[in-house]
Amino acid sequence: MTHSRIVGTGGYLPPRVVTNDDLAKRLDTSDAWIRERTGIAQRHIADESQTTSDLALEASRRALEAAGVRAAELDLIVLATSTPDYVFPSSACLLQAKLGVKGCPAFDVQAVCSGFVYALATADSFIRSGAYRRALVVGAEVFSRILDWNDRSTCVLFGDGAGAVVLAAGERPGIHASVLHADGSHANILAVPGNICGGRIEGSPYLQMQGSQVFKFAVRVLDEVARETLAAAGMTIGDVDWLVAHQANARILDATAKKLGLPPERMVVTVSHHGNTSAASVPLALDECVRAGRIRAGHRVLMEGVGGGFTWGAVLATL
Ligand code: UT7
């Protein structure tokens, strides 16, 4: 039986760092409030000239190099984003061209902050089916472009970045199990409720969020889907070396680890210095830990996403 395995990771953060104190100079907020309520100290913001596919390209190059795979050897490119370069073509197609290759299928996945987990589960299914042998799976975002920078309740939370993994066919898992969910009846609590119609933006082009409702929803489903995924793999939380959950708020991460009975030192926290980078948060956190030598070959990692839609899901993998 064919399995899929993560054989390389990469990440990219734009160089410009914006601290809480920088935000407090122009907004009615403070470093103390942001740290206490979210755990965030700083975020990276893309230069005006940088698009999602540019960020994705840097992360992808690093993941390909780590995997020892050439772009020409890829059979599939799946890119998760809610901030694509254009309405169309997809950012995955633009990334493919920037990588200098053509022919393999390339498409975007839109599942907001669950996007990377959705994209990884999708690529895993293609590989397990035997259709493809090497996939590039990317999460990349420029959320700074869809924030109202005068709305202190949302703009302090997010940042820009990209993360990528190369997934390859192999004899051993690799990915043990994945579980995805959605419930569109909660669409209104986290949305950018605008579209382009007749050449004009209709509705709002900015992110709107009912923060406390999102918080409660996230804590509940991150616990539920972790248990579901572990059960599907015939494992328990004791079999997990690292929890790499979507990085939205340190309090959500703490509550999730507590509910799951996971020791806090096995939970990865990057929201402090990345902010919430939506679909990029999980692969960025994974890559940071791999490069720091914390997550190593043979470690078992539970990756989880939750976000607008609502969407949520988890992937359990041995590296
Ligand atoms: O990727 C998935 C999507 N995002 C999330 O998962 C985020 C989920 N939600 C959260 O992380 C939290 O709900 C927030 C961090 C967004 C807010 O924390 P909270 O503890 O739920 O605060 P709150 O919304 O209940 O607001 C408390 C107070 C309010 O003032 P009043 O009405 O009590 O006078 C807000 O106006 O804090 C105020 N506030 C701020 N104060 C200083 C809201 N934002 C700020 C701010 N600085 N940036």
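We find that R62 and D287 are not joined by a salt bridge, their nearest charged nitrogen and carboxylate oxygen being 4.0 Å or further apart. Ion pairing between a basic and an acidic side chain is recognised when a charged N comes within 4.0 Å of a carboxylate O; D28 and R152 show such pairing. Electrostatic pairing of E58 and R61 counts as a salt bridge here, judged by a charged N lying under 4.0 Å from a carboxylate O. Taking 4.0 Å as the cut-off between side-chain N and carboxylate O, D31 and R35 count as a salt-bridged pair. Salt-bridge annotation for D223 and R227: present, with a side-chain N of the basic residue lying under 4.0 Å from a carboxylate O of the acidic one.
Heavy-atom contacts from other residues, nucleotides or ligands closer than 6.0 Å to OH of Y206 number 12 or fewer. Other residues, nucleotides and ligands contribute only 12 or fewer heavy atoms inside 6.0 Å of the CD atom of E48. Few gaps surround CZ on R26; more than 12 heavy atoms of other groups in view lie less than 6.0 Å from it. Enclosure of atom CZ in R133 is not indicated, since only 12 or fewer non-hydrogen atoms of other residues, nucleotides or ligands lie within 6.0 angstrom.
Side-chain atoms of H186 never come within 3.5 Å of backbone atoms of D183 as a donor-acceptor pair (strictly under, hydrogens ignored). Under the 3.5 Å distance criterion, the side-chain polar atoms of S91 are matched with a main-chain donor or acceptor of D85.
S144 and D160 are linked by a side-chain donor-acceptor pair at a separation below 3.5 angstrom, with hydrogens and angles left out of the test. Inspection of the E288 and H273 side chains reveals an N or O donor paired with an N or O acceptor under 3.5 Å. A donor and an acceptor atom, one from each side chain of D108 and T81, are nowhere located under 3.5 Å apart. Judged purely by distance below 3.5 Å, without hydrogens or angles, the side chains of R128 and T2 never pair a donor atom with an acceptor atom.
Taking all atoms of both residues into account, the shortest heavy-atom contact from G307 to C113 is CA-CB, 3.9 Å. When every heavy atom of A280 is checked against every heavy atom of G163, the shortest pair comes out as CB-N, 4.2 Å.
A cation-pi contact links R220 to F217, judged by a cut-off of 6.0 Å to the six-membered ring centre and 45° from its axis.
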